[in-house]
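Worksheet: one structure, shown below.
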2 protein chains.
Amino acid sequence: MDALLKNLKISINESIYLKDPESSDLGKRIVKYGIILINELGFDNFTFKKLAAHIESTESSIYRYFENKHKFLIYLTSWYWGWKEYQLVFATNNLTDPVEKLLKAIEIVTREVEEDQSFNHINEVFLNKIVINEYSKSYLTKEVDDENKDGYFAIYKRLSNRIRKMISDVDASYPYPASLASTILADSLHHHFLKNHFSSLTECDDQTSPSQYFEHLILNLLNL
Amino acid sequence: MDALLKNLKISINESIYLKDPESSDLGKRIVKYGIILINELGFDNFTFKKLAAHIESTESSIYRYFENKHKFLIYLTSWYWGWKEYQLVFATNNLTDPVEKLLKAIEIVTREVEEDQSFNHINEVFLNKIVINEYSKSYLTKEVDDENKDGYFAIYKRLSNRIRKMISDVDASYPYPASLASTILADSLHHHFLKNHFSSLTECDDQTSPSQYFEHLILNLLNL
DNA sequence: GCAAAAATAGTAGTATTACTATCAACTCTT
DNA sequence: AAGAGTTGATAGTAATACTACTATTTTTGC
């Protein structure tokens with residue numbers, strides 16, 4: 001990953017955390033080992049108590065950074081989407097051909113993160129797996145409308161919007177650019193899951209990636 | 001709904017429940033008020049204790065039917081997909097034109113359930129909302145592979161397969177029929193959710209339904 | 001250079017959840 | 001009238017999701 005990216009701080013809505021985990025050593029350890037532990041146990045079996053034991057700290061110290069594990073998940077996934085957004089802007093900014101631009105964007109948001117790109121203390125490979133397995137749990141709640149109003153999902157929505165614009169730029173006549181952008185983002189996560197757990201429900205496997213499926217879809221659906 | 005359907009029993013894998021809820025009055029009340037309560041509270045806030053209070057029974061009685069609330073969710077969603085499968089088979093069996101057949105199938109699986117069709121004690125409108133809001137939580141778990149092996153998701157997979165075949169029947173050259181079937185099933189649930197909570201991420205609203213979006217997608221993606 | 005204030009870490013406790021176990025009561029059959 | 005099956009009532013446990021409070025360390029203001 002580009003050196004510039006390594007020095008950037010992904011900025012996350014302040015109401016998601018009580019105290020910025022980037023502001024202290026403990027905060028960074030919470031994030032680092034939180035990712036490792038959620039990946040290992042799954043979000044449902046993950047608790048602050050287990051995380052505290054893992055980093056040799058206490059539950060109450062973690063509660064000073066995050067109100068509860070739900071907000072911790074929102075924090076981690078927001079970071080992930082912010083990171084994806086940077087990659088997307090970075091990789092497409094210099095492209096002039098709108099088709100090339102869109103295809104590059106699709107590739108970035110649908111591909112699997114394969115190696116640890118070591119954005120400071122965050123393991124992006126694990127974080128990608130967490131997003132695939134747990135992201136929908138962050139918004140499939142009774143509190144979604146309040147949290148949406150408070151901007152908890154702002155980064156994801158901004159990213160979706162960027163893709164929507166790129167779709168309209170290649171085919172202004174396509175009537176569902178926002179829906180298609182949403183389909184690409186959400187359904188590519190779903191396809192990574194299917195590939196790993198319900199292989200009969202997708203053609204994607206070691207040879208064929210979700211990226212190829214979505215690229216083919218875009219190229220055949222839009223008027224290019 | 002057709003009278004024939006009302007008399008059919010949706011058959012659900014026996015290892016999902018401890019005692020068939022269709023076999024007793026209490027069982028039916030658990031299912032009936034379980035649906036109402038999950039719809040009201042959301043699955044995360046739903047407990048067997050609350051349900052027991054609601055139906056003036058006890059936690060321990062409910063535990064005699066279902067091991068835990070996760071299996072209860074699997075039961076309810078399996079029932080839903082079984083019900084959709086019946087509707088799909090019923091409505092498409094007599095159609096000879098494969099395009100018409102596929103479009104009918106798409107309409108059935110993507111449309112919102114709008115009125116209570118009173119399949120005995122089950123409120124299908126609420127159950128549809130539950131599937132939209134909670135279905136993915138039933139498989140996004142660490143136990144998914146074991147539960148899949150035990151056939152917990154068999155009905156959904158069978159339904160997805162039926163759509164896959166219909167896609168291949170209208171365009172044998174399309175390379176991703178299984179993936180496209182999965183996209184239609186999962187992403188239409190997602191679009192109903194977006195419509196209700198993230199309206200900026202979709203063109204779907206009161207005027208434009210997810211069904212229209214997916215119909216347009218199919219008609220423009222496949223070689224018809 | 002040091003005391004007061006602010007930030008942070010650690011301990012202990014509570015309410016709720018997600019069960020399990022046991023026993024009593026009632027019904028339905030043979 | 002015995003026995004099986006179903007439901008109800010009560011109690012108990014371990015884990016979860018916190019909150020309140022105390023102890024320690026760090027910062028800063030003079």
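Order of the sequence lines sets the chain letters (A, B, ...), proteins ahead of strands, with each chain counted from 1.
Under the 6.0 Å distance and 45° angle rule, B/Lys69 counts as a cation-pi partner of B/Phe43.
Taking the side chain of A/Lys69 as heavy atoms from C-beta on, and the options D/dA17, D/dT7, C/dA18, the nearest nucleotide is D/dA17.
For DNA chain C, the residues of residues 56-66 of chain B within the heavy-atom distance limit of 4.0 Å (strictly under) are B/Glu59, B/Ser60, B/Tyr63, sorted by number. Applying a 4.0 Å cut-off to non-hydrogen atoms, none of the residues of residues 37-50 of chain A approaches DNA chain C.
In this structure, B/His192 contributes its side chain and B/Thr110 its backbone to a donor-acceptor pair below 3.5 Å.
For C/dA7, the OP1/OP2 oxygens have no side-chain nitrogen or oxygen of A/Lys19 closer than 4.0 Å.
Rounded to an integer number of Å, the gap from CD1 of B/Ile30 to P of D/dG8 is 9 Å. If you take CG of B/Asp25 and P of C/dC28, they are 12 Å apart, rounded to a whole angstrom. Atom NZ in A/Lys71 sits roughly 16 Å away from atom P in D/dA17 (whole-Å rounding). Going from atom CG of A/Leu18 over to atom P of D/dT19 covers 10 Å, rounded to whole Å.
When all heavy atoms are compared, the tightest approach of B/Lys129 to B/Asn39 is CB-ND2, 3.4 Å.
B/Asn13 and B/Tyr152 share no side-chain donor-acceptor pair at under 3.5 Å. Counted by atom type alone, A/Tyr213 and B/Thr183 present one or more donor-acceptor pairs between their side chains at under 3.5 Å.
Ion pairing between B/Asp25 and B/Arg29 holds under the 4.0 Å rule for side-chain N and carboxylate O.
For the pair A/Glu67 and B/Gly27, nearest-nucleotide mapping onto DNA chain D gives the more 5' position to B/Gly27.
At most 12 non-hydrogen atoms from other residues, nucleotides or ligands lie less than 6.0 angstrom from NZ of A/Lys49.
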Yes or no on side chain to side chain contact (heavy atoms under 4.5 Å, CB included) for B/Gln212 and A/Tyr176, after CA distance, side-chain angles and deciding distance? CA-CA 10 Å; B/Gln212 286 171 267; A/Tyr176 306 103; 3.9 Å; yes

